[in-house]
Protein chains: 2
Amino acid sequence: MKITSRTEYGLRAMVYLAARPGDAPAPLTEIARSEGIPAPFLERILAQLREDGLVKATRGASGGYALSRSPDRVAVADVVVALEGPLTLVDCVGEDRSCVRAEGCASRTVWRRIDEAIHEVLAGISLADLVTEGERR
Amino acid sequence: MKITSRTEYGLRAMVYLAARPGDAPAPLTEIARSEGIPAPFLERILAQLREDGLVKATRGASGGYALSRSPDRVAVADVVVALEGPLTLVDCVGEDRSCVRAEGCASRTVWRRIDEAIHEVLAGISLADLVTEGERR
DNA sequence: GAAATCCCAACCGCGTGAGTAGGGATTATC
DNA sequence: GATAATCCCTACTCACGCGGTTGGGATTTC
């Protein structure tokens with residue numbers, strides 16, 4: 001029951017992009033260096049975020065990555081779901097064919113309630129929130 | 001970011017014990033059979049729960065496992081913590097000062113808030129709650 | 001054209017989670 | 001006291017995913 005490093009790195013990178021001044025895209029190596037993330041690893045993370053439409057990349061010299069929406073329109077939940085998959089602690093809670101005991105299984109209600117709590121928190125925080133939070137230090 | 005099967009199984013076993021009528025302890029094989037859990041696996045789970053003082057075992061013929069407190073005094077959080085370890089999604093949130101960037105790392109506040117939310121939910125549900133929930137079906 | 005960048009696929013080591021195997025210790029019951 | 005039922009413990013296997021690397025290719029700017 002841990003967040004993967006991918007998600008942690010990915011969120012840090014997103015916050016970095018959100019806080020970065022100017023309109024020019026940020027090269028991978030710059031993000032990697034200043035956040036202390038192995039560059040090839042971060043590359044795959046950003047690829048995932050791009051596929052989910054959270055960042056856009058421009059190729060070629062003086063290219064790089066940038067947010068594709070403004071920071072106040074990106075919830076932390078978006079980033080986490082993109083990298084971590086659906087926010088369910090237990091598979092039987094989601095859509096799929098649940099376990100045979102689904103009826104009468106009281107434990108499911110526990111997991112479902114936690115899923116809801118987590119989603120509420122994550123959906124309520126935007127990248128912009130995190131940036132201002134970071135500046136207050 | 002998934003709950004392990006250990007925890008899922010463990011909680012189900014605890015609910016089973018809580019719902020079981022009579023004072024006699026429940027043999028491992030009975031719990032395993034009626035919850036569909038591999039017996040040797042469940043054995044280790046119950047050993048862990050015993051070490052944490054959540055169940056007590058009596059050996060010998062007509063022995064078995066029973067809750068060591070009444071179901072309304074056992075929170076789901078107790079079970080989950082016993083089997084899953086501390087309820088932190090990211091290690092840097094705990095006392096472990098591993099992350100050099102701890103100061104100024106805005107992401108940490110996200111993880112911390114989720115940890116709190118999870119703990120709140122898990123601490124607010126008792127085994128007794130789950131039993132009555134299960135009976136309502 | 002050269003340099004800077006993104007893009008992509010394949011690979012690897014290692015930990016851990018899930019489950020198995022097998023034998024030993026204790027106790028109720030007859 | 002013998003037997004059967006039960007808990008107790010250690011060690012093992014097996015598969016998978018995570019964190020990370022390698023190496024090369026495709027764009028674009030200058």
Side-chain angles (χ1 to χ4, degrees), chain A residues 1-13 17 23-33 35-68 80 82-86 89-92 99, chain B residues 1-13 17 23-33 35-68 80 82-85 89-92 98-99:
Chain A
M1 195 181 161
K2 291 278 181 235
I3 282 286
T4 58
S5 297
R6 272 218 297 284
T7 304
E8 208 187 329
Y9 290 164
L11 184 59
R12 294 230 307 268
L17 290 181
D23 278 347
L28 175 75
T29 54
E30 174 193 319
I31 313 175
R33 185 167 18 85
E35 287 292 327
I37 304 172
F41 192 25
L42 179 59
E43 191 169 15
R44 286 210 332 230
I45 297 171
L46 286 169
Q48 182 72 45
L49 292 172
R50 179 175 49 84
E51 280 173 28
D52 279 57
L54 294 176
V55 301
K56 59 173 188 248
T58 54
R59 310 170 74 161
S62 80
Y65 294 91
L67 296 184
S68 44
V80 175
L83 296 173
E84 197 84 12
L89 287 186
V90 151
D91 287 329
C92 72
C99 66
Chain B
M1 196 181 160
K2 290 279 182 233
I3 282 287
T4 59
S5 298
R6 271 219 298 283
T7 304
E8 207 186 329
Y9 289 163
L11 184 58
R12 293 229 308 267
L17 290 180
D23 279 344
L28 175 75
T29 53
E30 176 193 318
I31 312 174
R33 186 167 18 86
E35 288 292 327
I37 304 172
F41 192 25
L42 179 59
E43 191 168 13
R44 286 211 330 232
I45 296 171
L46 286 169
Q48 182 72 45
L49 292 172
R50 180 176 48 85
E51 279 173 30
D52 278 57
L54 293 176
V55 301
K56 58 173 189 248
T58 54
R59 311 170 75 161
S62 81
Y65 295 90
L67 296 184
S68 44
V80 174
L83 297 173
E84 197 84 13
L89 286 186
V90 151
D91 288 329
C92 72
S98 51
C99 179

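Throughout, protein chains are lettered first and strands after them, A, B, ... in sequence-line order, and every chain is numbered starting at 1.
Rounded to an integer number of Å, the gap from CZ of R33(A) to P of dT5(C) is 10 Å. In this structure, the CD atom of E30(A) is 14 Å from the C1' atom of dA4(C), given to the nearest Å. To the nearest angstrom, P of dG19(D) lies 13 Å from CD of Q48(A). In this structure, the CD atom of E84(B) is 13 Å from the P atom of dT16(C), given to the nearest Å. Following rounding to the nearest Å, R59(A) (CZ) and dT27(D) (C1') show an atom-to-atom distance of 5 Å. Whole-Å rounding puts the K56(B) NZ to dT27(C) C1' distance at 17 Å. For the pair L42(B) CG and dT20(C) C1', the interatomic distance rounds to 15 Å; values are reported in whole Å. Here dG23(C) presents its C1' atom at 12 Å from CD of E43(B), a figure rounded to the nearest Å.
The side chain of P27(A) has dT5(C) as its nearest neighbour among dG17(C), dT5(C), dG20(D). Distances were taken from every side-chain heavy atom of R50(B) (C-beta onward) to each of dG20(D), dC7(C), dC9(D); the shortest belongs to dC9(D).
The phosphate of dT22(D) has neither OP1 nor OP2 within less than 4.0 Å of any side-chain N or O from R44(A). Between Y65(A) and dT5(C) there is no side-chain N or O to OP1 or OP2 distance below 4.0 Å. The side chain of S5(B) contributes no N or O atom lying less than 4.0 Å from OP1 or OP2 of dG17(C). Between dA5(D) and S62(B), no contact under 4.0 Å exists linking OP1 or OP2 to a side-chain N or O.
L83(B) and Q48(B) get closest at one heavy-atom pair: CD2-CG, 3.7 Å. Contact detail for S62(B) and P25(B): the closest heavy-atom pair is O-CG, 4.0 Å. Between A26(A) and L17(A), the shortest heavy-atom contact is CB-CD2, 3.8 Å.
Residue R6(B) is classed as a sugar-phosphate contact, given heavy-atom separations below 4.0 Å to backbone atoms only. Note on P40(B): a base of the nucleic acid sits closer than 4.0 angstrom, heavy atoms only. Using a 4.0 Å heavy-atom criterion, one finds that A39(B) contacts no nucleic acid atom at all. Residue T29(B) is classed as having no contact, given no heavy-atom separation below 4.0 Å to the nucleic acid. Counting non-hydrogen atoms under 4.0 angstrom, L46(A) reaches nothing in the nucleic acid.
Sequence order on DNA chain D of the closest nucleotides to A61(B) and G60(A) puts A61(B) first from the 5' end.
A donor-acceptor distance shorter than 3.5 angstrom exists from the side chain of R12(B) to the backbone of E35(B), with no hydrogens or angles considered.
Between M1(B) atom CE and M1(A) atom CE the span is 6.5 Å, to the nearest 0.5 Å.
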